[in-house]
Student: 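Starting off with a structure, shown below.
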Amino acid sequence: MKNKYIKALKAAFPHTLPILTAFWFLGFGYGVLMNISGFSFIYPLIMSIVIFGGSLEYVAVNMLLSRFAPLQTLLMTLIIQARHIFYGLSMLNKYKGKGLKKLYLIYGMCDESFSINYTAKIPEGVDEGWFMFFVNLLNQIYWVTGSTMGGILGGFLTINTKGLDFVMTSMFIVIFLEQWLKEKKHYTAVIGLFASAACLALFGAESFMIPTMISILVLLTVFRRPIEKRGGFA
Amino acid sequence: MRMTVFQQIITIAICSLGTMATRFIPFIVFPADKETPKYILYLGKALPAAIFGMLVVYCFKNVSFTSGSFGVPEIIAALFTVVLHLWKRRMLLSIAGGTICYMLLVQLVF
């Protein structure tokens with residue numbers, strides 16, 4: 001029985017290697033930011049465990065340095081994290097019948113874990129639920145250790161890592177490509193690309209995500225018939 | 001005026017609860033033991049490709065195409081990642097290759 005877990009862990013680990021790089025780098029940066037903002041490493045440690053969402057944690061540094069504003073904090077959180085609703089909708093089926101660990105699968109569903117778990121080809125004989133569980137768990141361990149180390153070491157460490165953050169970009173490019181190669185028709189991929197690019201140009205980097213999500217939903221709904229008729233996915 | 005520790009705890013708790021709300025809502029609204037509406041099932045299948053497109057654009061959100069290096073290193077490294085992946089189709093290789101390409105560009109060329 002123990003074999004089942006080790007097998008899933010072994011299958012999951014290589015898929016998380018790009019995240020290991022990205023999360024140690026970005027997590028470390030976040031920890032350093034907390035440190036030089038005057039917070040103990042306990043803060044990034046706890047926040048990475050209970051929030052586990054990189055972009056929000058970076059924004060939360062400013063929140064914690066400003067005046068106490070719970071309502072504004074809640075609103076910002078919902079705006080920044082709203083995209084997770086899309087991930088959940090996409091995972092309704094995959095998470096079915098995964099028992100208690102489904103709770104952690106949902107709890108730890110960050111961009112990267114979702115993307116890997118949705119696209120990864122899980123080898124035969126490996127338990128799908130435990131595979132996804134370990135992808136989430138490993139990713140969270142990377143993020144927690146990275147940010148805690150940053151919080152402890154602060155600005156102490158300087159190596160020339162300029163440009164290393166591109167690992168996230170190239171990972172999402174590759175995941176997008178994999179999905180593109182898997183699908184025969186590309187309506188929804190094109191909708192996603194162009195809706196986001198148009199909204200980014202229109203609304204700017206700080207506030208384009210919500211308009212993007214709305215326009216993707218509207219376009220997918222309006223074109224549902226033609227997309228389904230021509231087998232627009234799978 | 002700095003927050004008290006209690007206010008900091010509340011702020012962090014709100015960030016956590018808000019995040020979890022966005023992650024759990026779909027599973028609470030559409031529980032596994034009830035039939036999910038056809039429209040939602042359609043969205044579940046149609047969304048991922050659109051999401052991955054969105055995430056790629058999201059990564060480029062802070063790249064300025066009108067100043068600095070005009071996004072040239074980003075575009076070159078992105079194209080390099082695409083070509084490498086279409087050629088070898090090995091995820092880790094493409095990701096590492098694209099990243100190293102970008103690091104060399106921003107550290108040595110631009």
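Sequence lines set the chain letters: A, B, ... in the order given, protein chains first and strands last, and positions in each chain run from 1.
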Student: Measure B/L92 against the heavy atoms of chain A and call it side chain, backbone, both or neither at under 4.5 Å.
Tutor: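 Only the side chain of B/L92 comes within 4.5 Å of chain A.
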Student: With a 4.5 angstrom heavy-atom cut-off, could you sort out which part of A/T21 is near chain B: side chain, backbone, both or neither?
Tutor: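 The answer is neither part of A/T21.
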Student: Side chain of B/R23, backbone of A/M109: donor and acceptor closer than 3.5 Å?
Tutor: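 Pair found, side chain donor or acceptor close to backbone of A/M109.
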Student: Please report the closest heavy-atom contact between B/L47 and A/S90, naming both atoms and the distance.
Tutor: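 Minimum heavy-atom contact is CB-OG, 3.9 Å.
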Student: State, to 0.1 Å, how close A/I173 and B/V82 come at their nearest heavy-atom pair, and which atoms those are.
Tutor: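 In this case the closest contact between A/I173 and B/V82 is CG2-CG2, 3.7 Å.
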Student: B/Y58 ring centre to A/R83 NZ or CZ under 6.0 Å, with the angle to the axis within 45°?
Tutor: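 Yes, A/R83 and B/Y58 form such a contact.
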Student: Where the side chain of A/S170 meets the backbone of B/G98, is there a donor-acceptor pair that is under 3.5 Å apart?
Tutor: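 Side chain of A/S170 to backbone of B/G98: no pair is present.
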Student: Which atoms of A/L103 come close to chain B, meaning under 4.5 Å heavy atom to heavy atom: side chain ones, backbone ones, both, or neither?
Tutor: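 Backbone plus side chain of A/L103, per the 4.5 Å heavy-atom cut-off to chain B.
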Student: Of all heavy-atom pairs between A/L92 and B/P26, which one has the smallest distance, and what is that distance?
Tutor: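 That would be CD2-O, 3.6 Å.
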Student: Taking it one step at a time, do B/Q8 and A/F68 satisfy side-chain contact (heavy atoms from CB on, under 4.5 Å)?
Tutor: CA-CA 8 Å; B/Q8 289 178 343; A/F68 182 55; over 6 Å; no
Student: Run the side chain to side chain donor-acceptor pair (under 3.5 Å) test on A/T221 and B/Y39 for me, step by step, so that the C-alpha distance in whole Å, both residues' side-chain angles and the decisive distance to 0.1 Å come before the verdict.
Tutor: CA-CA 9 Å; A/T221 306; B/Y39 172 65; 2.6 Å; yes
Student: What option among B/G97, B/A77, B/S94 has the most heavy-atom pairs under 4.5 Å with chain A?
Tutor: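 Ranked by contacts with chain A, first place is B/A77.
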Student: Does any backbone or side-chain atom of B/M54 lie under 4.5 Å from a heavy atom of chain A? Answer side chain, backbone, both or neither.
Tutor: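 B/M54 touches chain A through backbone and side-chain heavy atoms alike.
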Student: Does any backbone or side-chain atom of B/T19 lie under 4.5 Å from a heavy atom of chain A? Answer side chain, backbone, both or neither.
Tutor: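 Both backbone and side chain of B/T19 come within 4.5 Å of chain A.
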Student: Does any backbone or side-chain atom of A/L56 lie under 4.5 Å from a heavy atom of chain B? Answer side chain, backbone, both or neither.
Tutor: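 The side chain, not the backbone.
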Student: Got A/L181 and B/R89 here, is their nearest side-chain heavy-atom distance under 4.5 Å?
Tutor: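 Answer yes - side chains close enough.
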Student: CG of A/L78 to CD1 of B/I14: how many Å apart, nearest 0.5 Å?
Tutor: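 If we round to the nearest 0.5 Å, A/L78:CG and B/I14:CD1 are 10.5 Å apart.
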Student: Chain A heavy atoms under 4.5 Å from B/L41: which part of the residue, side chain, backbone, both or neither?
Tutor: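 The answer is the side chain of B/L41.
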Student: Would you say the side chains of B/T11 and A/T73 form a donor-acceptor pair under 3.5 Å?
Tutor: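 No - no donor-acceptor pair under 3.5 Å links their side chains.
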Student: Identify which part of A/L177 has an atom lying under 4.5 Å from any heavy atom of chain B, answering side chain, backbone, both or neither.
Tutor: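 For A/L177, side-chain heavy atoms alone lie under 4.5 Å from chain B.
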Student: What option among B/L55, B/L105, B/T4, B/T22 has the most heavy-atom pairs under 4.5 Å with chain A?
Tutor: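 Ranked by contacts with chain A, first place is B/T22.
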Student: Between B/V106 and A/G163, which heavy-atom pair has the shortest distance, and what is it?
Tutor: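 Closest approach of B/V106 to A/G163, heavy atoms only: CG2-CA, 4.0 Å.
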Student: For A/R67 and B/M3, work out which heavy atoms get closest and say how close.
Tutor: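 Looks like O-CE, 4.0 Å.
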Student: Check each atom of A/M76 against the heavy atoms of chain B and say whether the ones under 4.5 Å are side chain, backbone, both or neither.
Tutor: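 For A/M76, neither part sits under 4.5 Å from chain B.
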Student: Centroid separation under 6.0 Å, is that true for the rings of B/F52 and A/F172?
Tutor: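 Distance test on ring centres: not under 6.0 Å, no.
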Student: With a 4.5 angstrom heavy-atom cut-off, could you sort out which part of A/F86 is near chain B: side chain, backbone, both or neither?
Tutor: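 A/F86 touches chain B through backbone and side-chain heavy atoms alike.
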Student: When only pairs under 4.5 Å are counted, which of A/Y95, A/W180, A/F194 shares the most heavy-atom pairs with chain B?
Tutor: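 That would be A/Y95.
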Student: Please flag which part of A/L64 lies under 4.5 Å from any non-hydrogen atom of chain B: side chain, backbone, both or neither.
Tutor: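 Answer is both: backbone and side chain atoms of A/L64 are under 4.5 Å from chain B.
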Student: Check whether more than 12 heavy atoms from other residues, nucleotides or ligands sit under 6.0 Å from atom OH of A/Y107, and answer yes or no.
Tutor: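 Yes - once you tally the heavy atoms of other residues, nucleotides and ligands closer than 6.0 Å, there are more than 12.
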Student: I'd like to check B/F24 versus A/H84 (side-chain heavy atoms, cut-off strictly below 4.5 Å). Are they in contact?
Tutor: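 Not in contact.
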Student: Can you confirm whether A/K96 is buried at NZ, in the sense that more than 12 heavy atoms of other residues, nucleotides or ligands lie under 6.0 Å from that atom?
Tutor: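 More than 12 within 6.0 Å, yes.
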Student: Which value, rounded to the nearest 0.5 Å, describes the distance between A/N93 atom CG and B/T36 atom OG1?
Tutor: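 One finds 7.0 Å between CG of A/N93 and OG1 of B/T36.
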Student: Taking the side chain as every heavy atom from C-beta outward, state whether B/K38 and A/R224 have any atom pair closer than 4.5 Å.
Tutor: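 The answer is yes; the side chains approach within 4.5 Å.
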Student: Quick test of your reading of the model: are A/E206 and B/K61 salt-bridged, counting only N-O distances below 4.0 Å?
Tutor: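 No, this pair does not count.
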Student: Within a 6.0 Å radius of atom CG on A/L100, are there more than 12 heavy atoms belonging to other residues, nucleotides or ligands?
Tutor: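 Result for CG/A/L100: open.
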Student: With rounding to the nearest 0.5 Å, note down the distance linking CD1 in B/I51 to OG1 in A/T212.
Tutor: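 B/I51 CD1 to A/T212 OG1: 12.5 Å, rounded to 0.5 Å.
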Student: Shortest non-hydrogen contact from B/C15 to A/T77?
Tutor: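 What the structure gives for the nearest pair is O-CG2, 3.4 Å.
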Student: Name the orientation class of the two ring planes belonging to B/Y102 and A/F166 (parallel below 30°, tilted from 30 to 60°, perpendicular beyond 60°).
Tutor: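 Ring orientation, 0 to 90° scale: parallel.
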